[in-house]
Visitor: 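Following this message is one structure expressed as structure tokens.
In what follows, every heavy atom counts, from backbone to side chain, and hydrogens, waters and symmetry copies are set aside.
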Amino acid sequence: MTTDVTDTGTGTGAETGGPARERLRRWRLVLGGEAADGTGCALSGRDAAMDGTLAALYGKGDRPQSGRERSAGLGASAPSVARWLGDIRTYFPSSVVQVMQRDAIDRLGLASLLLEPEMLEAVEADVHLVGTLLSLNKAMPETTKETARAVVRKVVEDLEKRLATRTRATLTGALDRSARINRPRHHDIDWNRTIAANLKHYLPEYRTIVPERLIGYGRASQSVKKEVVLCIDQSGSMAASVVYASVFGAVLASMRSIDTRLVVFDTAVVDLTDQLDDPVDVLFGTQLGGGTDINRALAYCQSQITRPAETVVVLISDLYEGGIRNEMLKRVAAMKASGVQFVALLALSDEGAPAYDREHAAALAALGAPAFACTPDLFPEVMAAAIEKRPIPVPDTV
């Protein structure tokens, strides 16, 4: 846990004791005031209050609080937790608040308190909180569901603002470039392909090429040009990926030239395509947790493909297969042989390298379908490459 303790506005900082005192203060906040911390630094005012919020979450043992000792626990009541949530927003920046909220849910078992409306109104909304709410969806009382939907909608709308414009611009360009024409206007000429196609018309005496055949970018019409199938693993470890994929699914569905289908699966398969106009409905249609049967999900997706050469299938899964492994790989091979562009994402999130089945990832790579983790910012480029049938930009970290 890393916290920002550089500026708390108290009288215990550098202004009263210089740089050495400030270093001791920071170490005191980090170490928590145990007898052996060696700082000899007492806290007061805002620093003491900050230390109390940290002690409630990261303190050791169940000792009663006395002096500067830490003891873990926020109490069992929603009011005490709500006060703590307000305190951490007072003392720490938003990015740290979100980390502390996740730690509180994991370390202190606060997930059940999120079923209370007043608690949901107090928390800082982010992708991870949405994942927690979705996992609690079936247990959520009716009085809480509207508040939960409001929290989820806020996060979804923020993500759409961040991702939608760039995604549409990138994919519109890819669709235009994928529609090649032989009588382009001057500003639509693809000079690299035109030169390559006319090398045989090189005139040495003039040191130039006569472009007898022009190749250009077409302009994507309003009719459907490409079909995209998002096949999303909804096991508990994929929560953040489900949130991002649902937002991207809604963005893709808003583009007339892309026919988008969204399928979620565990051991069962659910087609949520008819809910793509509202990603919040999509998210509440998922059920995080349970097993995984990738083969069954891919079988369903394969049955929905009508134009293989114009279809991109994106499997988002950690590849821990509970179904028939060999059948899954045969299905991927068959789709690729028919002309489908197949992309396997181990995660679609900002969380870094995920845990995944390395044997299955290697098997997919051998079929020409590399499996890699993808950030939301990279996803539009990945989709553009798949639409244009060019090499997928796999991150170097894979």
Visitor: Has the side chain of T132 got a donor or acceptor atom that lies under 3.5 Å from a matching backbone atom of H128?
Guide: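 Answer holds: yes.
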Visitor: Compare every heavy atom of I392 with every heavy atom of A386, then report the nearest pair and how far apart it is.
Guide: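 Here A386 and I392 meet closest at N-CD1, 3.9 Å.
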Visitor: Are the side chains of L163 and V251 in touch, meaning some heavy atoms are under 4.5 Å apart?
Guide: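 In short, these two side chains do not touch, never coming nearer than 4.5 Å.
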Visitor: What pair of heavy atoms forms the shortest contact from T170 to A384, and how long is it?
Guide: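 The answer is CG2-CB, 3.7 Å.
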Visitor: Of all heavy-atom pairs between P308 and S338, which one has the smallest distance, and what is that distance?
Guide: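 Shortest heavy-atom contact: CB-O, 3.2 Å.
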Visitor: Is the side chain of T172 donor-acceptor paired with the backbone N or O of A169 at a distance under 3.5 Å, no angle test?
Guide: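 No, the answer is negative, given that no donor and acceptor are paired below the 3.5 Å cut-off.
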Visitor: Are L203 and V210 side-chain neighbours, meaning at least one heavy-atom pair lies under 4.5 Å?
Guide: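 A side-chain contact exists here, since the closest heavy-atom pair is under 4.5 Å.
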Visitor: I need the D357 CG to D318 CG distance, nearest 0.5 Å.
Guide: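 Going from CG on D357 over to CG on D318, the span is 8.5 Å.
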Visitor: Listing request: all side chain to side chain donor-acceptor pair (under 3.5 Å) pairs with a residue in residues 240-249, at least two apart in sequence or in separate chains.
Guide: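 Matches after skipping sequence neighbours: Y244-D350.
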Visitor: Please evaluate residues I387 and L175 with respect to the criterion side chain to side chain contact (heavy atoms under 4.5 Å, CB included), reporting the C-alpha separation (whole Å), side-chain torsions for both, the decisive distance (0.1 Å), and the verdict.
Guide: CA-CA 7 Å; I387 286 172; L175 289 164; 4.0 Å; yes
Visitor: Atom CD1 in I294, atom SG in C301: separation rounded to 0.5 Å?
Guide: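 It comes to 11.5 Å.
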Visitor: Is the number of heavy atoms from other residues, nucleotides or ligands within 6.0 Å of CD1 (I305) greater than 12?
Guide: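 Yes.
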Visitor: Kindly compute the distance separating NZ (K225) from CG (L171), expressed to the nearest 0.5 Å.
Guide: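 It comes to 16.0 Å.
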Visitor: Is there a side chain to side chain contact (heavy atoms under 4.5 Å, CB included) between H360 and E321? Walk through the geometry before answering.
Guide: CA-CA 8 Å; H360 287 166; E321 170 67 314; 3.4 Å; yes
Visitor: Tracing side-chain links under 4.5 Å among I, L, V, M, F, W and Y, which residues wind up in one group with L199?
Guide: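 I195, Y202, I209, which link up through side-chain heavy atoms under 4.5 Å apart, make up the rest of the cluster.
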Visitor: Measure the spacing between NZ of K336 and CZ of F342 and express it to the nearest 0.5 Å.
Guide: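 One finds 8.5 Å between NZ of K336 and CZ of F342.
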Visitor: Counting only pairs under 3.5 Å, give me each side-chain donor-acceptor contact of residues 228-236, with atom names and distances, residues two or more places apart or in other chains.
Guide:
unit_1	atom_1	unit_2	atom_2	d
D233	OD1	S235	N	2.9
D233	OD1	S235	OG	2.9
D233	OD2	S317	OG	3.0
Q234	OE1	Q287	N	2.7
Q234	NE2	D266	OD2	3.2

Visitor: Once rounded to the nearest 0.5 Å, what's the spacing between atom CG of D103 and atom CG of L57?
Guide: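 With rounding to 0.5 Å, CG (D103) is 5.5 Å from CG (L57).
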Visitor: If we ignore hydrogens and angles and just use 3.5 Å, is the side chain of K154 paired with the main-chain N or O of D126 as donor and acceptor?
Guide: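 No, because the side chain of K154 does not come within donor-acceptor range (under 3.5 Å) of the backbone of D126.
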Visitor: Which heavy atom of T167 sits nearest to which heavy atom of P380, and what is that distance?
Guide: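 In this case the closest contact between T167 and P380 is OG1-CG, 3.4 Å.
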Visitor: Looking only at the side chains, is there a donor atom on one of S254 and R168 sitting less than 3.5 Å from an acceptor on the other?
Guide: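 Side-chain D/A pair, S254 to R168: present.
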Visitor: Determine, stepwise, if the pair L298 / M335 fulfils side chain to side chain contact (heavy atoms under 4.5 Å, CB included).
Guide: CA-CA 10 Å; L298 291 181; M335 281 191 277; 4.2 Å; yes
Visitor: When you measure from the side chain of Y320 to the backbone N and O of T292, does any donor-acceptor pair fall under 3.5 Å?
Guide: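 Absent.
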Visitor: Which residue, D158, D278, D281, forms the salt bridge (Lys or Arg N to Asp or Glu O under 4.0 Å) with R153?
Guide: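 The salt bridge (Lys or Arg N to Asp or Glu O under 4.0 Å) with R153 is passed solely by D278 among D158, D278, D281.
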Visitor: Taking side chain as C-beta onward, heavy atoms only, is F92 less than 4.5 Å from L54?
Guide: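 The answer is yes, as the side chains (C-beta and beyond) meet within the 4.5 Å cut-off.
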Visitor: Any side-chain heavy atom of D51 sitting closer than 4.5 Å to one from T53?
Guide: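 Sidechains of T53 and D51: no contact.
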Visitor: What do the steps show when you test T306 against E227 for side chain to side chain donor-acceptor pair (under 3.5 Å), and what is the final call?
Guide: CA-CA 9 Å; T306 57; E227 298 181 6; 3.3 Å; yes
Visitor: What side-chain donor-acceptor pairs closer than 3.5 Å can you find for residues 362-379, not counting sequence neighbours?
Guide:
unit_1	atom_1	unit_2	atom_2	d
T375	OG1	L378	N	3.2
D377	OD1	R162	NH2	3.4

Visitor: Just jot down the side-chain hydrogen bond (donor to acceptor under 3.5 Å, both in side chains) partners of D271, sequence neighbours excluded, or say none.
Guide: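 Only R261, T273, Y300 meet the side-chain hydrogen bond (donor to acceptor under 3.5 Å, both in side chains) criterion with D271.
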Visitor: State plainly whether the residues R26 and E22 are in salt-bridge range, i.e. N to O under 4.0 Å.
Guide: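 Looking at R26 and E22, the cut-off is met.
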Visitor: Can you name the residues that form a side-chain contact (heavy atoms from CB on, under 4.5 Å) with E124, not counting sequence neighbours?
Guide: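 E124: side-chain contact (heavy atoms from CB on, under 4.5 Å) contacts with R89, S94, V97, Q98, Q101.
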Visitor: Could R149 and F284 be counted as a cation-pi pair, given that NZ or CZ must be under 6.0 Å from the ring centre and within 45° of the axis?
Guide: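 Yes, a cation-pi geometry.
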Visitor: Among R325, R331, E327, which residue meets the side chain to side chain donor-acceptor pair (under 3.5 Å) test with N295?
Guide: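 Only one option passes, and that is R331.
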Visitor: Show the nearest heavy-atom pair for residues P279 and E160, with the distance to one decimal.
Guide: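 Nearest pair, atom of P279 first, then E160: CG-OE2, 4.1 Å.
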Visitor: Report yes if the side chains of E146 and P117 come closer than 4.5 Å at any heavy-atom pair, otherwise no.
Guide: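 Sidechains of P117 and E146: no contact.
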Visitor: Tell me whether M328 shares a hydrophobic cluster with V269, the cluster being built from Ile, Leu, Val, Met, Phe, Trp, Tyr side chains joined at under 4.5 Å.
Guide: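 Same cluster.
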Visitor: May I have the step-by-step check of side chain to side chain contact (heavy atoms under 4.5 Å, CB included) for F248 and T260, ending in yes or no?
Guide: CA-CA 10 Å; F248 276 118; T260 306; over 6 Å; no
Visitor: On a heavy-atom basis, which atom in D293 and which in F265 lie closest, and how many Å separate them?
Guide: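 Smallest heavy-atom distance, with atoms named: O-CD1, 3.8 Å.
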Visitor: What is the distance from atom CG of L345 to atom OH of Y356, rounded to the nearest 0.5 Å?
Guide: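 If I round to the nearest 0.5 Å, the distance is 13.0 Å.
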Visitor: Is any side-chain heavy atom of V270 closer than 4.5 Å to a side-chain heavy atom of V263?
Guide: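 No. Closest side-chain heavy atoms not under 4.5 Å.
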Visitor: Does V313 reach the side chain of V343, with side-chain heavy atoms less than 4.5 Å apart?
Guide: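 Sidechains of V343 and V313: no contact.
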Visitor: Just wondering, do V332 and L315 contact through their side chains at under 4.5 Å, heavy atoms?
Guide: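 Sidechains of V332 and L315: no contact.
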Visitor: For V312, run the side-chain contact (heavy atoms from CB on, under 4.5 Å) check against M383, K226, K389 and tell me which one passes.
Guide: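 Between V312 and the candidates, side-chain contact (heavy atoms from CB on, under 4.5 Å) is satisfied uniquely by M383.
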